[in-house]
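What follows is a set of notes on a single structure, which appears directly below.
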Amino acid sequence: MSMPNAPEHASLFARLRVTFWSLWYLRPSMIYWRIHRTIKGVLLRMAGSAGVLPLFVATRPAAVGMRALPPLGSRYHCEDIDIVERRFSFLRDTMELPEDAAQWPALLRGKPLLWQFHFGYHDYLLAILADRGDGMLDAALNFACSWDRAFPLTATDARRSAWHPYVLSIRIESWVRLHGLALHGGVEKTDARLGIIATGVEQMTRVLLRNLEKGTMANHLLRNIKALVFAGLALESATGNRAWRIGMELLARELAEQVLLDGCHFERSPMYHVSMLNDVLDMAEAMHLAGEPVPEAVGEAAARMTRFLEHMRHPDGEIPYFNDATSSFFLRTDEVLQRGRSLCTAMGWTASSQLTGGIGPEQVSGLLAVSSERLWTVFDAGLVGPDYQPGHAHCDTLSFELSVDGRRWITDTGVYHYKESPERRYSRSTAAHSTIAIDDAEQSEVWKSFRVGRRARILHIESEQRGGMPLLRGAHDGYTRIGGGLVHERALLVGPDWLLVMDWLHGRGTHRWVSRLQLHPDIRAEVREGGVMLRGRGAEGVCTAFGASSLGVREGEYYPAFGERFTRPVIEATGEGEFPHHCAMLLGFGTRMPVVEIDIRAGVFVIDGRMEVRSGL
């Protein structure tokens, strides 16, 4: 099994240690399947070199029956793509391909792997048909057939991108839906292109059944399952029957694990939550339209996930950018949410009852959203993700986002791209989030593009009302590996037009700390006596710090969508001294600010001389 190298500047011991902890959290079955896939890849390459690869890969039948799946209500979007002129744009990176499809594989090898993945998904065909109608059916079918000739299963490096299980999963769904749209759009059943689509789905499904992503799990496996469900509904073959049986068995198991009690997808990335909700809705609607009963667990999961998304949006209607999240690009949050509401109402799906006490942090997202007269804020007091798959985790524990008068003021950094790079390292780092860093260490040992060694564990989550105002609490132990029993605890008190961020830095020894607030690029920040003056987005405010030795503003970066980069101001409150230590930052947007005092010895924050907020640990 290959493992990505740790950062080059790290010592050999540090690289070995972070690799050990990354492996430690994997399930034994995941290690087995990763080794299995690696050995299988070596053997297939050897078979290819010997000229006998066709003897060991899934065959393609001369013909297979395929049912027409009725059109679904989901809507995909894409960038500027013209399949007639062969101009493709993924992640804001455009490429024009020649007419001769045989040249495509060699040209694509120079593109990033994620670009190659998107090219092989073919979900953009559905987006083009939705935008331009049946007039593009011929072009879509012709392109699919050209792609099919250019990227056979027996081609060199086929398993790397074009026939990767994740890519296969999305393409299987895309081809099943394209086949149904073609027949509903008047294409004759005898059209040879539909035969290519059908036999292609059959072969892809056979390959997928042999290569389910049991070494990756999480959203990848759920995407595999979705492909099996679609293939099972469409294929009139033994492969289709097997895909349906395995898909439905795995679906029940994975929904029980991947949908948390509060409805959030367990990777705790709002962007992936939108995508996974769309997948659940697609599967449920496809079953219903095909005349198959929708399992109760599927409908209940759809209802819970829809309810979570209803509450997990800024007033602008878009999601927060925690973990690997940016603004939607292939799906629209509002469209997915509206579809979830409509299907749940039409099908009578309801979510389970409200959460009660005694629930651990691994069972809920830890994302807490509240609002007041002018403010909306969301607090990330959750785990970085499932222990065995934290690939989309960022060091955003106890970070938060804030909207004022319906517009974003404080926001996480987002994602520039997924490839290993300075941008990727920065977007995942503690310094890129509105939380506290101690001794320049990371809360969790994020490395490479998707790896995490030791990670912050949640010790405490709570949401309550105090004096008629929301009070959100959380604590993590990510810095205990530094020594001195270091624990960061935070509480947010949300006033009508002000927000108080209170931090308890538990532990012992002398340490340096930095508390950051990541402002939206439209905000102007100027240091003045008594605080930082803020102006922009239709409002004015001030930020003051308590228990800090300095308060300043530096320049940071902001990635609200893949391939987009903006500079933005970052407020930094810093201090150094003996722990335990207690500090706070107050953001005010009105004429009246509360009076804040800190009882250093007792670790108590006193607001307006009457309200006391103590440590919850």
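Worth saying up front: this structure is predicted, and the values here are computed from it rather than measured. Excluded from the calculations below are hydrogen atoms, water molecules and symmetry mates; all remaining heavy atoms, backbone and side chain alike, are included.
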Hey, can you tell me if Y418 and F562 have their rings parallel, tilted or perpendicular (30° and 60° cut-offs)?
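Plane angle over 60°, so perpendicular.
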What class does the angle between the rings of Y121 and F117 fall in, given that below 30° is parallel, 30 to 60° is tilted and above 60° is perpendicular?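 Perpendicular: the ring planes of Y121 and F117 meet at over 60°.
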Side-chain heavy atoms of [X] within contact of [Y], under 4.5 Å:
X: L499; Y: L586; answer: no
X: F330; Y: F90; answer: no
X: F266; Y: Q258; answer: yes
X: V527; Y: L551; answer: no
X: M312; Y: I319; answer: no
X: E572; Y: R554; answer: yes
X: W513; Y: Y479; answer: no
X: E489; Y: R473; answer: yes

Return yes if some donor-acceptor pair links the side-chain N/O of [X] with the main-chain N/O of [Y] below 3.5 Å, else return no.
X: W115; Y: D93; answer: yes
X: D439; Y: H511; answer: no
X: S74; Y: L72; answer: no
X: E79; Y: I81; answer: no
X: R455; Y: P390; answer: no

* To do: Would you sort out whether L113 and H164 count as a side-chain contact (heavy atoms from CB on, under 4.5 Å), showing the intermediate values?
  => CA-CA 11 Å; L113 185 60; H164 186 284; over 6 Å; no
Inter-residue atom distance [X].[atom1] - [Y].[atom2], 0.5 Å rounding:
X: L398; Y: S434; atom1: CG; atom2: OG; value: 11.5 Å
X: D503; Y: I436; atom1: CG; atom2: CD1; value: 3.5 Å
X: S372; Y: M469; atom1: OG; atom2: CE; value: 9.5 Å
X: I410; Y: H433; atom1: CD1; atom2: NE2; value: 13.5 Å
X: T306; Y: Q338; atom1: OG1; atom2: CD; value: 10.5 Å
X: E213; Y: H220; atom1: CD; atom2: NE2; value: 5.5 Å

Discussion item. Is the terminal nitrogen or CZ of R374 (NZ for Lys, CZ for Arg) located under 6.0 angstrom from the six-membered ring centre of F589 and within 45° of that ring's axis?
Written reply: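 R374 over F589 ring: no.
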- Query: Looking at Y559, is R424 sitting on its ring face, NZ or CZ under 6.0 Å from the six-membered ring centre and within 45 degrees of the normal?
  - Reply: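 No, R424 does not lie over the aromatic ring of Y559.
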[X]-[Y] side chain donor-acceptor pair, cut-off 3.5 Å:
X: D262; Y: S365; result: yes
X: E401; Y: H314; result: yes
X: Q443; Y: H488; result: no
X: R223; Y: S275; result: yes
X: E423; Y: S427; result: no
X: H392; Y: D324; result: yes
X: S399; Y: D380; result: no

Note to self: Between E557 and Y416, is the side-chain contact (heavy atoms from CB on, under 4.5 Å) condition met? List the steps.
What the structure shows: CA-CA 10 Å; E557 293 194 339; Y416 188 69; over 6 Å; no
Quiz item: Do you know which of T435, D440, I438 makes side chain to side chain contact (heavy atoms under 4.5 Å, CB included) with T430?
Solution: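 Among T435, D440, I438, the one that satisfies the side chain to side chain contact (heavy atoms under 4.5 Å, CB included) with T430 is T435.
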Measure across [X] and [Y] and return the closest heavy-atom pair with its distance rounded to 0.1 Å.
X: A441; Y: I482; result: CB-CD1, 3.6 Å
X: E442; Y: S429; result: OE2-CB, 3.4 Å
X: Y426; Y: A431; result: OH-O, 4.1 Å
X: A393; Y: V446; result: O-CG1, 4.1 Å
X: S463; Y: L472; result: OG-CD2, 3.4 Å
X: R268; Y: P361; result: NH2-O, 3.2 Å

Working note: V553 + V570, criterion side-chain contact (heavy atoms from CB on, under 4.5 Å); need CA distance, chi angles, decisive distance, verdict. CA-CA 6 Å; V553 178; V570 178; over 6 Å; no
| message | One pair to check against side-chain hydrogen bond (donor to acceptor under 3.5 Å, both in side chains): D123 and S174. What are the steps and the verdict? | response | CA-CA 5 Å; D123 52 356; S174 300; 5.3 Å; no
Open item on the list: By the ring-ring contact (aromatic ring centres under 6.0 Å, His included) test, which pairs, at least two apart or in different chains, include something from residues 530-549?
Closed with: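 Found none.
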- Query: Are S550 and T574 close enough, and set up right, to give a side-chain hydrogen bond (donor to acceptor under 3.5 Å, both in side chains), and what steps lead you there?
  - Reply: CA-CA 5 Å; S550 66; T574 63; 2.3 Å; yes
With R457, which of D387, D477, T397, T480 fulfils side-chain hydrogen bond (donor to acceptor under 3.5 Å, both in side chains)?
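Exactly one pass, corresponding to D387.
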- Message: The test is side-chain contact (heavy atoms from CB on, under 4.5 Å); show your working for R313 and L337 and say whether it passes.
- Response: CA-CA 10 Å; R313 295 174 302 133; L337 178 58; 3.4 Å; yes
Quick check: Y272 with H265 (ring centres under 6.0 Å apart)?
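They do not qualify: ring centres at least 6.0 Å apart.
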Quiz item: With E420, which of R425, K448, R428 fulfils salt bridge (Lys or Arg N to Asp or Glu O under 4.0 Å)?
Solution: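 One option only clears the test, and that one is R425.
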So does R535 have more than 12 non-hydrogen atoms from other groups sitting under 6.0 Å from CZ?
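No, not enclosed.
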**Message:** Working note: T19 + R451, criterion side-chain hydrogen bond (donor to acceptor under 3.5 Å, both in side chains); need CA distance, chi angles, decisive distance, verdict.
**Reply:** CA-CA 9 Å; T19 301; R451 305 300 183 194; over 6 Å; no
NZ/NE/NH1/NH2 to OD/OE distance under 4.0 Å, E464 and R466:
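Counted as a salt bridge, because a side-chain N and a carboxylate O are separated by less than 4.0 Å.
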Please say which of Y76, F143, F88 ends up in a ring-ring contact (aromatic ring centres under 6.0 Å, His included) with H122.
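Only match with H122 under ring-ring contact (aromatic ring centres under 6.0 Å, His included): F143.
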Item to check | Any residue meeting side-chain contact (heavy atoms from CB on, under 4.5 Å) with R132, in chain and number order, not counting sequence neighbours | outcome: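 Testing R132 for side-chain contact (heavy atoms from CB on, under 4.5 Å), a comparison that skips the adjacent residues, returns I128, M136.
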